[in-house]
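Structure first, commentary second.
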Amino acid sequence: MNRADFPILKETVHGRPLVYLDNAATSQKPQVVMDAITEAYTHWNSNIHRGVHHLSQVATMKHEEARQAVADFIGAKSSDEIVFTKGTTDSLNALAFSFGEAFIREGDEIIVSAVEHHSNIVPWQMLCERKKAVLRHIPLHEDLTLDIEAFKGLLSEKTKLISVAHVSNVLGTINPVEEIIRIAHERNIPVCIDGAQSVPHRAIDVQALDCDFLAFSGHKMYGPTGIGVLYGKREWLELLPPHEGGGEMINHVRWSGTTYNELPYKFEAGTPNFVGSYALHQAINYMQSIGMDAIEAHERDLTEYCEERMKEENERMKEEGVQVHVYAASQPKAGVISFNVFSRQDLIHPFDIGTLLDQQGIAVRTGHHCAEPLIDELGVPGTVRVSFGLYNDRADIDAFIAALEKTIRILC
Ligand code: PLP
C-alpha cells in the first residue's frame, strides 16, 4: 500500500533502509497530514469559537468538521458525543476523574483486564485510592486469552464500571469486547473500551458495539501527536461533571458560581488543539480512501505471514538449542506480535535483540510496553514487539526475519 505517501519511509538508519515495525507505539504520517498542519498555520490559524473575525470562523468550522468526521468514522450518533483530548491516556484520565466524582463511592469496584496498558490501570488505581474503591482485573487463561467465566464471577452489585482494551498492545490479541459489553449491560454496568490499538486498524462502529465510552489516540492512526478522542454515549456524558475548569467549558462564570457549557464543550477546557483535529481529520480521510476493511485485511495478512516466518525460524534454530517464542501464538491478532528468544532455556535480553535489529535498520520496540502486570505474568523482564501499519509489506517482514537470524547467530 502507498508507501510513497510516507516520506519518512525513505530514510536510512545506520546506513540501512528503514524498516519501521513500531506502529503500536506510534504511526508514521502521510504527506497530506503534514501538509494539513502547514496549511493551518499558514492560512487560517486563529483561536476558535470566540472570534467574530474571518480566520476564527474558518478555524472553528475546520475543528467542528473534524469532530463530525470522527463521529462518522466510529459510527457515533452525534458529534456532541466526541470529546477531543490529548490522546488515549488523557481520555481515560478524564473519564476516571469525572466518572469517579459522579458515581464511585467507598467499596465500589471497577474491573479492567490482565492485559491493560498502564493508562487503563493507573487512572483507575488513583481513583480507587481517592474513593477507597477496589480495582479488579479479568485474569488470563493459559493461552493468554481473557477468562470470561472468571470475569462473570467478578461481577456484583458493587461493580460500577468495566474498562478493557479492545486489542492488547503487547500480545496483539483481540479481546471479546462484544461479549464483555453484553454481559455487563445485562447488569446495567457501563463499559469503556480502550481503542488505542483497534481504532487505527479496523472499522469500529460504537453503536453496533454498544460500548458506553471509547478512547483512542490520533498519533497511532497516522494523525499528529497531541490529539485524541473520548467518545461517550450522550446519556452518560450528560450525567458526568467536567474534569477540568477554565475557558470554553463554561456557560457563565459569576463569583456566586459557574454554569457549564453544553456537550461536548464542558469537557474541553482551554484552547483546543484545533490544528491537531484538522490534521486528524485528514488522517481519517486518508485511511478511508484506502478503506478500513482493506487495512484490516492487509495487516492480518502481514501478521499471519510474520508468525509463519517466525515459526520457520524457530524450527531452523531448534537444533542449535535456540527457541523463538511467540506469545499467544496462533491466536487471532491485530497487527502486533511479541516474542522472546531463548538460548538453551536462557532468555536473550529483548533489549539486546532490539539493539542489534536497530543496527540493521529494523525499528522494533523492546521492554514492558507500559503493561508491567502482564509482562510480570509472562515471567520475563520484557518482550520484543513488532507491530504493523498500513504501509508495511512482506518485504519488511523478510528483512526483519533475515536481521533476526543474524542477530540470533551473534547472540546465541
Ligand atoms: N492503551 C493502549 C492499549 C496503548 O497501546 C497505548 C499506547 O501505546 C495507550 C493506551 C496510551 O496511548 P497514548 O500514549 O497515545 O495516550
Side-chain angles (χ1 to χ4, degrees), residues 20-29 33 70 74 83-97 110 112-126 135 137-138 140 144 146 162-177 180 191-202 204 209 211 213-231 243 273 276-277 279-280 283 299 303 327-328 333-338 363-375 377 382-389:
Y20 187 75
L21 297 175
D22 192 19
N23 294 281
T26 199
S27 62
Q28 301 301 347
K29 317 306 169 198
V33 167
V70 170
I74 61 168
V83 176
F84 281 121
T85 65
K86 289 185 287 192
T88 309
T89 306
D90 194 35
S91 298
L92 292 169
N93 275 281
L95 180 65
F97 186 85
I110 294 158
V112 296
S113 87
V115 302
E116 300 307 324
H117 188 281
H118 295 161
S119 64
N120 199 27
I121 299 175
V122 183
W124 305 114
Q125 283 179 328
M126 291 163 75
L135 184 63
H137 67 271
I138 308 170
L140 294 174
L144 303 179
L146 295 189
I162 293 155
S163 189
V164 288
H166 196 168
V167 169
S168 160
N169 70 306
V170 176
L171 305 170
T173 41
I174 304 157
N175 289 327
V177 288
I180 289 172
V191 180
C192 170
I193 299 299
D194 174 350
Q197 298 297 344
S198 61
V199 174
H201 303 289
R202 48 179 41 220
I204 300 284
L209 199 54
C211 57
F213 304 99
L214 173 74
F216 54 99
S217 299
H219 71 97
K220 292 185 198 284
M221 49 193 285
Y222 314 103
T225 49
I227 187 85
V229 172
L230 174 64
Y231 156 82
H243 61 296
N273 184 359
S277 65
L280 176 61
E299 292 176 2
T303 309
Y327 293 94
K333 293 200 176 113
V336 177
I337 299 174
S338 255
V364 300
R365 188 142 296 241
T366 64
H368 57 55
H369 316 295
C370 295
E372 280 192 288
L374 171 60
I375 293 293
E377 200 157 331
T383 72
V384 186
R385 180 184 74 184
V386 293
S387 53
F388 307 115

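All figures in this text were calculated on a predicted structure; none of them were measured in a lab. In listed order, ligands and their atoms are each counted from 1.
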Just list the N/O pairs, ligand 1 to protein, that are under 3.5 Å apart, with the distance for each.
residue, atom, partner, partner atom, Å
ligand 1, 1 (N), D194, OD1, 3.3
ligand 1, 1 (N), D194, OD2, 2.5
ligand 1, 5 (O), Q197, NE2, 2.7
ligand 1, 8 (O), K220, NZ, 2.6
ligand 1, 15 (O), S217, OG, 2.7
ligand 1, 15 (O), H219, NE2, 2.7
ligand 1, 16 (O), T88, N, 3.4
ligand 1, 16 (O), T89, N, 2.9
ligand 1, 16 (O), T89, OG1, 2.5

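A search for side chain to side chain contact (heavy atoms under 4.5 Å, CB included) contacts involving A165 returns E116, N175, D194, not counting sequence neighbours. Judged as a side chain to side chain contact (heavy atoms under 4.5 Å, CB included), and not counting sequence neighbours, the contacts of S168 are V115, V170, L171, T173, L374. When the side chain to side chain contact (heavy atoms under 4.5 Å, CB included) test is applied to H368, the partners found at least two apart in sequence or on another chain are H118, E372, I375.
Within the 3.5 Å criterion, the main-chain N or O of A24 finds a donor-acceptor partner in the side chain of S387.
Considering all non-hydrogen atoms of both residues, Y222 and P200 come closest at CE1-O, 4.4 Å.
Side-chain contact between I180 and L146: present, with at least one pair of heavy atoms (C-beta onward) separated by less than 4.5 Å.
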